[in-house]
Amino acid sequence: MSTQQAPSHHEQAYTSLTRGLKELDIRGSSVPCNLVLIGHNAFPLAMNTRGQVLMAASLYGSGRIVVLGHESYLTTLPALVENALIWLRGKKSDNLCVAVHQRVKAVADNLSRSSFQATVVEKFHDNLGVGVYVTDAYSVEADGRDLVAYLKAGGGLLIAGQAWHWAHEHPKENTLLNFPGNKVSSVAGIYFTGQYADVGQLPVYPQIPTSLLSVGIGKDFEDDLKFLLQGVSEFHFKGGIPSEVLVHGPLAFPIGGNDRGQAFLAGAYYGRGRVIVVTHEGALGHQMAPFLTNAIRWLDEGRNGVVGVVPSLGHPFNLLSNLGLRCEKTNFRKDLSVFVCKAFISDHAQEIQEFVAEGGGLLIGGHAWYWAQTHRGQNPLTDFAGNHILNKMGLSLLGATLASGSYKAPVLGQAIKDNYHFRHLLHRFAGHVVKGEALTKNEESLLKKLGSDCATYLHMKACDWCSYTQVMSTLTDILKKSGMPQVNESRPVSTPKDHLLLSLWSEVYKACPDPDALLPYIIKNNPVMPVFSNYKIKINANTGAEEWLSTGLYLSPGMRTNMAMPAEIVNKGWKVQIGCQTDYLKHGELKRAPRVVERFPVTSEEMQVWNLWGGLIYLVAPPNTQLEGPEVIVHIAISAPYYKSGVTTAAGWSLLRKAPAPWAELEFENIIITVPSDVVRGLEYPNKVAVVWDYIMMGIADLAAIPHKFPRKERFVADVQISHGWMHAGYPIMMYSSVADSLVNPEKIGHVGIWGHSYVLGCNQQRACWEFPPHTTECTCNLWSVYVHEEVLGINRAKAHPNMTTNARKSRTEEYVKGGRNLDKWRMWVALETYMQLQERFGWDAFKKVFAAYHKMTNTPKDNPGKMNLYAQTFSETVRMNLTGFFKAWGWPIDAATEEKLSSLPAWTDHPMVQYG
């Protein structure tokens with residue numbers, strides 16, 4: 001059992017309700033039932049060690065309600081009852097009149113010595129004129145609508161009872177819907193259930209109680225699925241791509257999904273009503289007729305009322321009308337039995353929620369993925385219109401998608417626990433961590449999905465909802481009890497459990513109201529380092545693409561700093577980035593957490609930034625930005641080893657290379673190198689490294705036919721683990737830190753070469769107009785490797801790489817010819833030979849001129865044959881020789897039109913492929 005800082009209005013209510021109480025002794029013979037809480041207002045007052053809720057409170061409309069899990073508590077816990085009556089009066093604090101149902105008249109007897117004026121009544125009626133009504137859960141008259149109206153209008157209700165006996169006597173009835181007390185309490189998100197609850201001496205915590213085990217699902221949904229899936233064998237999404245729906249409420253359940261645990265169809269109980277969400281509006285038609293028929297009847301609950309369909313949904317209206325259901329085209333109305341609408345609805349959100357809570361049915365269809373794609377920077381969970389309705393019901397439409405097509409319906413009779421459910425698996429994982437309960441192989445396989453869903457759920461940022469804080473507290477306690485795997489290169493992790501914990505820590509840390517309390521559980525070795533205060537950074541940006549601006553500053557894990565931003569960059573697309581290791585890792589064995597970089601949009605002149613994992617501080621300038629002069633002030637940070645050509649002096653570097661931060665940067669004319677600080681601690685002359693890299697980058701520019709001054713400096717980042725390959729291109733270029741010293745050793749570069757480094761720099765120079773994927777994806781980038789080694793470093797191609805020896809080249813060519821010159825085999829080293837033969841005959845200047853010609857081209861072909869013909873034509877015209885015979889000898893699809901265009905040029909008749917016939 002643990003406690004968690006809750007939203008202030010709930011916490012204040014809890015404090016009022018438990019004032020003066022140290023424990024609740026419920027060890028008697030009374031057996032209470034477990035209460036299930038949903039929505040955003042319901043919160044527990046008492047919880048046992050199994051995470052079962054025995055007492056709870058909530059709000060509805062203007063009123064308040066307290067629910068006790070057994071009617072005996074109305075008399076055995078007089079202090080709690082008196083606190084409840086005081087809180088329940090709410091704004092009617094001057095109304096001391098309490099109406100007590102005759103079946104619990106002992107409450108009135110207990111109140112005779114208090115300031116309350118208790119009156120015993122036979123039943124509730126509108127003109128009682130009381131501040132609070134007290135009843136047991138069995139005496140709710142008729143359908144309870146009078147009590148619901150009283151509560152909604154501002155009344156206070158104290159209701160107590162247990163539903164397990166009723167459920168035993170009514171085995172074929174739905175306890176959540178039909179138990180008398182639930183006809184009132186459920187509208188406020190509190191349900192009596194047929195589950196027994198353990199008793200004992202329950203401590204009264206200073207804050208709202210939570211438990212690791214309180215996040216399970218609230219019922220077995222087999223009866224609901226049996227009804228909904230009768231006669232349904234498949235679900236069809238042929239008219240559009242469905243979104244994923246996150247099923248996160250205790251009374252929400254998946255109905256249909258794929259084998260990876262993603263749901264496209266789900267339902268939920270909400271108050272006295274129900275909801276079903278279909279994650280593409282196009283599926284609300286004839287292709288889903290069997291299911292939709294069942295769904296409407298499930299939502300209608302036998303009322304045979306009017307089904308209102310929004311006018312824009314023609315297909316479901318026609319379908320349901322043909323099935324004999326009473327349908328009307330209408331916008332939302334309170335007198336409907338079922339309302340059918342799109343998930344894009346932005347009006348009447350609260351009214352629709354109340355409509356369902358008070359017994360209505362809601363069928364809502366729509367996807368959120370297109371909205372997410374067209375509203376970059378916004379949060380689908382909090383900003384998408386449909387989720388304003390659905391979130392509180394325990395369902396949320398996501399930006400993630402499933403494939404369109406058909407899906408088989410779940411097999412009837414299969415237990416709900418065998419299917420993926422966010423809360424169920426989180427409950428099971430909590431038991432696994434705390435009690436050592438074994439997970440099934442299927443559950444282990446879904447832990448990655450659980451981690452993703454936990455992160456998504458936390459993005460709801462609903463800290464004023466007790467259901468949210470319960471999940472947050474559960475995650476926090478799981479992580480505290482398990483600790484974080486102290487992963488590093490020598491201690492990698494590979495189990496599904498450790499993967500989940502690594503991914504969870506960062507998300508929980510970001511969402512937790514008190515992250516500093518978590519830090520000691522996460523980072524076991526976090527040495528204190530000396531800091532700088534009020535460090536000024538002058539902005540100098542002239543960008544084409546997005547660009548990182550180095551600051552030479554570092555934040556240690558969990559360290560926070562405030563930054564003062566100039567008005568010129570506020571709300572202009574600028575960001576602050578903490579960390580350089582941008583690769584997202586998906587490996588089975590991890591040597592660091594999957595995500596270790598944080599970004600913060602600059603939306604105010606004062607902002608706070610941090611990163612659980614620590615990292616170098618960058619300003620991220622948006623594309624097409626020209627700005628010089630404004631200053632950013634970093635209030636507190638740690639100095640990092642940072643060398644910048646033309647700025648850092650030799651004396652300055654002698655001190656800076658000893659700076660305490662674990663990451664270092666060397667910024668030269670056209671490239672920035674980021675490595676672990678140990679790599680540069682002994683580097684006395686970074687200017688010598690600068691000279692080598694300046695020449696290398698000039699060579700890269702020369703072959704690409706671009707100016708020597710790069711529009712954006714390239715970046716290398718050396719990390720303990722990267723997303724793919726030994727080194728990969730991008731911004732930044734990523735490589736392994738185990739070979740980071742190869743970046744800063746001029747002698748080694750000049751002697752051995754840097755084939756891989758020049759290869760990825762070449763990758764960044766590749767252009768779609770002269771690339772023929774997949775043939776040349778791993779080929780043309782090597783042109784820069786050959787060029788840099790021969791023209792810059794003076795290393796012959798045959799020595800630069802073993803695949804470039806004469807024998808290796810000849811063998812590959814012969815094998816390709818023997819194989820029929822199949823273009824499918826023309827890739828990587830084989831394809832490179834084509835370009836090498838061109839280079840050896842026409843020189844590097846020909847390539848430079850060809851690339852220069854492409855810089856001026858527009859509207860180039862998109863298909864490989866078109867692009868290959870254009871390349872043959874461009875190269876031929878550049879060297880003033882018809883090369884079509886040569887390219888055809890390599891199997892290129894040279895067409896007659898290209899041959900005609902080049903027919904006036906002299907043919908290259910003695911090309912190297914002639915010898916192969």
Side-chain angles (χ1 to χ4, degrees), residues 228 235 237 239-240 242-247 249 252 255-256 263-289 291-301 303 305-323 325-372 380-398:
L228 288 165
F235 300 113
F237 286 88
S243 280
E244 180 181 359
V245 57
L246 176 63
V247 183
I255 301 170
F264 52 73
L265 187 60
Y269 287 74
Y270 184 69
R272 295 175 53 167
R274 298 166 167 179
V275 59
I276 285 179
V277 58
V278 182
T279 63
H280 197 286
E281 66 280 10
L284 295 174
H286 290 278
Q287 59 184 357
M288 295 268 275
F291 172 76
L292 293 176
T293 304
N294 296 342
I296 292 295
R297 288 174 176 158
W298 185 77
L299 294 168
D300 179 65
E301 297 182 37
R303 294 183 292 266
V306 175
V307 179
V309 182
V310 292
S312 60
L313 282 173
H315 291 303
F317 176 80
N318 296 333
L319 169 65
L320 298 173
S321 296
N322 292 338
L323 293 171
L325 297 170
R326 297 171 58 197
C327 290
E328 293 183 17
K329 284 189 176 183
T330 177
N331 290 316
F332 175 72
R333 300 199 322 254
K334 293 182 179 180
D335 63 335
L336 298 171
S337 175
V338 179
F339 182 49
V340 183
C341 65
K342 292 183 179 180
F344 319 112
I345 188 168
S346 57
D347 299 328
H348 309 292
Q350 183 174 343
E351 292 176 89
I352 292 172
Q353 287 168 349
E354 291 177 356
F355 164 76
V356 178
E358 295 174 19
L362 175 65
L363 174 59
I364 186 167
H367 59 284
W369 59 263
Y370 181 76
W371 183 95
L381 274 85
T382 57
D383 301 328
F384 178 64
N387 285 335
H388 295 165
I389 297 171
L390 291 170
N391 284 345
K392 294 177 182 178
M393 298 178 178
L395 302 165
S396 298
L397 286 165
L398 308 181

Quick one: closest heavy-atom pair of Glu358 and Arg272, and the distance? C-CB, 4.0 Å
What distance separates Ser396 OG from Glu244 CD, expressed to the nearest 0.5 Å? 10.5 Å
Quick one: does any side-chain atom of His280 pair with a main-chain N or O of Gly282 as donor and acceptor, under 3.5 Å? yes
Supply the atom-to-atom distance Leu228 CG to Leu292 CG, rounded to the nearest 0.5 angstrom. 10.5 Å
Stepwise, does the side-chain contact (heavy atoms from CB on, under 4.5 Å) test hold for Leu390 with Val245? CA-CA 10 Å; Leu390 291 170; Val245 57; over 6 Å; no
Is there a side-chain contact between Leu395 and Val247, using heavy atoms and a 4.5 Å cut-off? yes
Lys334 atom NZ, neighbour heavy-atom count above 12 within 6.0 Å: no
Who passes ring-ring contact (aromatic ring centres under 6.0 Å, His included) against Phe264, sequence neighbours left out? Phe235, Phe237, Tyr407
Would you name the heavy atoms of Ala289 and Thr293 that are closest together and state the gap between them? O-OG1, 2.8 Å
Asp300 side chain to Gly305 backbone, donor-acceptor under 3.5 Å: yes
Whether Ser243 side chain and Trp369 backbone form a donor-acceptor pair below 3.5 Å: yes
With sequence neighbours excluded, tell me which residues meet side chain to side chain contact (heavy atoms under 4.5 Å, CB included) with Phe384. Ala343, Phe344, Ala368, Trp371, Asn387, Leu397
Interatomic distance, CD@Glu351 vs CZ@Arg333, rounded to 0.5 Å, equals 13.5 Å
Could you walk me through whether Asp335 and Val306 pass the side-chain contact (heavy atoms from CB on, under 4.5 Å) test, one step at a time? CA-CA 8 Å; Asp335 63 335; Val306 175; over 6 Å; no
To the nearest 0.5 angstrom, please state how far the CG atom of Leu398 sits from the OG1 atom of Thr279. 9.5 Å
Looking at every heavy atom in both Tyr270 and Gln353, which two are closest together, and how far apart are they? CE2-O, 3.4 Å
For the student: nearest non-hydrogen atoms of Ala266 and Ile255, plus distance: C-CD1, 3.6 Å
If you round to the nearest 0.5 Å, how far is CD1 of Ile389 from CD1 of Ile364? 4.5 Å
Give the minimum heavy-atom separation between Leu284 and Gly365, together with the two atoms involved. CD1-CA, 3.9 Å
Show, in sequence, the C-alpha distance, side-chain angles and deciding distance for Leu299 and Val307, and conclude whether the side-chain contact (heavy atoms from CB on, under 4.5 Å) test is met. CA-CA 10 Å; Leu299 294 168; Val307 179; over 6 Å; no
Is the CZ atom of Phe332 crowded by more than 12 outside heavy atoms at less than 6.0 Å? yes
Shortest non-hydrogen contact from Leu336 to Asn331? CD1-O, 4.5 Å
Is there a donor-acceptor pair closer than 3.5 Å between any side-chain N or O of His388 and the backbone N or O of Thr382? yes
Check the pair Met393 / Leu362 against side-chain contact (heavy atoms from CB on, under 4.5 Å), numbers first and verdict last. CA-CA 11 Å; Met393 298 178 178; Leu362 175 65; 4.2 Å; yes
Does Arg274 reach the main-chain N or O of Trp298 with its side chain, forming a donor-acceptor pair under 3.5 Å? yes
